[in-house]
Visitor: 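Below you will find the structure I want to go over with you.
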Number of protein chains: 2
Amino acid sequence: MEERIEKIKQQLQSQAYKLTHQREATVRVLLENEEDHLSAEDVFMLVKDKAPEIGLATVYRTLELLSELHVVEKINFGDGVARYDLRNDSTHHHHHHLICVQCGAMDEIMEDWLGPLEERVEEQFNFTVVDHRLDFQGICFRCNGKTNNPI
Amino acid sequence: MEERIEKIKQQLQSQAYKLTHQREATVRVLLENEEDHLSAEDVFMLVKDKAPEIGLATVYRTLELLSELHVVEKINFGDGVARYDLRNDSTHHHHHHLICVQCGAMDEIMEDWLGPLEERVEEQFNFTVVDHRLDFQGICFRCNGKTNNPI
DNA sequence: GTGATTGCAAAAACTTTGCAGATTG
DNA sequence: CAATCTGCAAAGTTTTTGCAATCAC
């Protein structure tokens with residue numbers, strides 16, 4: 001935990017970015033809520049516990065910066081809000097999403113199934129993959145359990 | 001072309017939705033620009049040629065409706081604008097995207113590579129897939145051609 | 001006819017920007 | 001110190017909503 005913060009700090013400093021209280025607090029919130037997909041507003045509310053003076057604009061600016069540094073990934077589920085995921089750089093590419101169209105739940109597949117497809121993209125299209133994203137929409141196991149659902 | 005319009009008309013009518021001039025014009029625009037990923041604003045501008053009196057709000061409402069009927073798919077490339085793709089229901093699931101992080105180009109893979117993965121999702125997670133989305137981000141063949149790119 | 005649908009304008013939701021003052025290295 | 005960074009408030013974007021008038025069936 002502390003070592004991950006240290007690493008991100010160094011990443012910032014190596015690019016001559018300053019390490020402000022607000023930035024550190026934001027990074028800590030992201031680390032503490034790694035499994036979630038926080039919106040800027042979510043992050044804002046959580047950061048306020050650690051740095052009550054912070055403004056929403058700063059949160060946006062920090063998330064944008066972390067995104068440029070590839071510390072977080074900005075993702076979008078189509079609900080009109082950007083969400084920010086910490087990049088797990090040990091695996092680099094991480095998980096996929098199962099989004100339930102019935103109850104709105106979002107589960108994750110914590111594996112990367114796309115290795116073979118990435119190779120195929122590189123060969124077939126001469127496209128150098130940097131990142132990917134895979135979401136499935138459908139009916140989750142909970143809703144499937146409740147009733148037979150003829151979409 | 002006309003037959004596809006006919007089909008969508010029936011789809012609307014079967015759910016007791018009325019077939020207004022504006023809705024038909026919107027559907028025509030979507031059919032005529034099937035390869036593009038139009039935003040609501042794009043659609044609005046194009047529809048105005050056919051139905052000058054239309055308002056932007058109606059375009060949004062129509063696209064939302066078509067989305068519910070699974071006639072179009074609402075997608076989001078993370079640029080803050082929702083885009084709408086006609087669903088090609090012969091294949092049901094259609095294409096994937098190659099988004100170039102260098103030049104911003106967006107190419108498409110006009111095949112569906114996810115059949116096997118969908119089966120896996122259904123079995124392993126008891127998740128009934130209705131739709132999916134797969135995007136790759138990276139360096140496209142054009143940018144790859146110009147220079148060796150160490151991301 | 002009657003309920004669904006529309007256009008308009010106003011509001012909402014999310015994000016970005018300008019600027020003076022505070023802070024970091 | 002100098003340049004970066006922040007908070008605030010204001011502005012920008014995109015999308016949604018309220019409502020009276022209109023339209024499709």
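Side-chain atoms are counted along with the backbone in the values below, which use heavy atoms only and exclude waters and symmetry mates. Sequence lines set the chain letters: A, B, ... in the order given, protein chains first and strands last, and positions in each chain run from 1.
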Visitor: Within this structure, what is the CD-to-P distance between E53(A) and dA9(D), rounded to whole angstrom?
Guide: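 Whole-Å distance recorded here is 15 Å.
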Visitor: Can V81(A) be reached from L86(A) by stepping across I, L, V, M, F, W or Y side chains whose heavy atoms are under 4.5 Å apart?
Guide: no
Visitor: With R23(B), which of T20(B), T26(B), V27(B) fulfils side chain to side chain contact (heavy atoms under 4.5 Å, CB included)?
Guide: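 Only one of T20(B), T26(B), V27(B) forms a side chain to side chain contact (heavy atoms under 4.5 Å, CB included) with R23(B), namely T20(B).
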Visitor: Look at R28(A) together with D49(A) and state whether they make a salt bridge at an N to O cut-off of under 4.0 Å.
Guide: no
Visitor: Check whether N76(B) reaches the backbone of N76(A) with its side chain - one donor and one acceptor, N or O, closer than 3.5 Å.
Guide: no
Visitor: Please say whether more than 12 non-hydrogen atoms of neighbouring residues, nucleotides or ligands are located less than 6.0 Å from CD in E3(A).
Guide: no
Visitor: Verify the contact: side-chain N or O of Q22(B) to OP1 or OP2 of dC23(D), cut-off strictly under 4.0 Å; return yes or no.
Guide: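 Answer no for this pair, as no side-chain N or O of Q22(B) is under 4.0 Å from OP1 or OP2.
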Visitor: Rounded to whole Å, how long is the line connecting atom CG of L65(B) with atom C1' of dT15(D)?
Guide: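 Spelled out: CG on L65(B) to C1' on dT15(D) is 16 Å.
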Visitor: Can you confirm whether F127(B) sits close enough to D107(A) that some side-chain heavy atom of one is under 4.5 Å from a side-chain heavy atom of the other?
Guide: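 Result no, sub-4.5 Å side-chain heavy-atom pair not found.
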Visitor: Summarise protein proximity over nucleotides 12-19 of chain C in one line of letters, 5' to 3': B for base, S for sugar-phosphate only, - for none, counting protein heavy atoms closer than 4.0 Å.
Guide: --SBBBB-
Visitor: Rounding to a whole Å, what distance do you find between I54(A):CD1 and dC5(D):C1'?
Guide: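 Atom-to-atom, I54(A) to dC5(D), this comes out as 11 Å.
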Visitor: Looking at five pairs on each end of the helix from dG1(C)-dC25(D) to dG25(C)-dC1(D), what is the angle between the two axes, given to 10 degrees?
Guide: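 Rounded to the nearest 10 degrees, the bend comes out at 40°.
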Visitor: Side chains of V47(A) and T62(A): closer than 4.5 Å at any heavy-atom pair?
Guide: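 Answer no - side chains too far apart.
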Visitor: Rounding to an integer number of Å, can you tell me how far R23(B) CZ sits from dG7(C) C1'?
Guide: 14 Å
Visitor: For L38(B) and dT14(D), what is the distance between atoms CG and P respectively, to the nearest whole Å?
Guide: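 Interatomic distance, CG of L38(B) to P of dT14(D): 15 Å.
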Visitor: Anything under 30° is parallel, anything over 60° is perpendicular, the rest tilted; go ahead and classify H96(B) against W113(B).
Guide: perpendicular
Visitor: Consider only side-chain heavy atoms of I, L, V, M, F, W and Y, link residues closer than 4.5 Å, and tell whether V59(A) and M45(A) are in one cluster.
Guide: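 In one cluster with V59(A): M45(A), no.
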Visitor: Ignoring hydrogens and angles, tell me if any N or O in the side chain of N144(A) forms a donor-acceptor pair with the backbone of F141(A) under 3.5 Å.
Guide: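 Looks like no, no N/O pair under 3.5 Å.
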Visitor: Report each atom pair, protein N/O against N/O of nucleotides 21-25 of chain C, whose distance is under 3.5 angstrom.
Guide:
{"unit_1": "dT24(C)", "atom_1": "O2", "unit_2": "K18(A)", "atom_2": "NZ", "d": "2.7"}
{"unit_1": "dG25(C)", "atom_1": "OP1", "unit_2": "L19(A)", "atom_2": "N", "d": "3.2"}

Visitor: Between atom NE2 of H21(A) and atom NZ of K50(A), what is the distance when rounded to the nearest 0.5 Å?
Guide: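 H21(A) NE2 to K50(A) NZ: 10.0 Å, rounded to 0.5 Å.
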Visitor: Send over the distance from F44(A) CZ to dT6(D) C1', rounded to a whole Å.
Guide: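 Answer to the nearest Å: 13 Å.
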Visitor: Rounded to the Å, how far apart are K48(B) NZ and dG7(C) C1'?
Guide: 12 Å
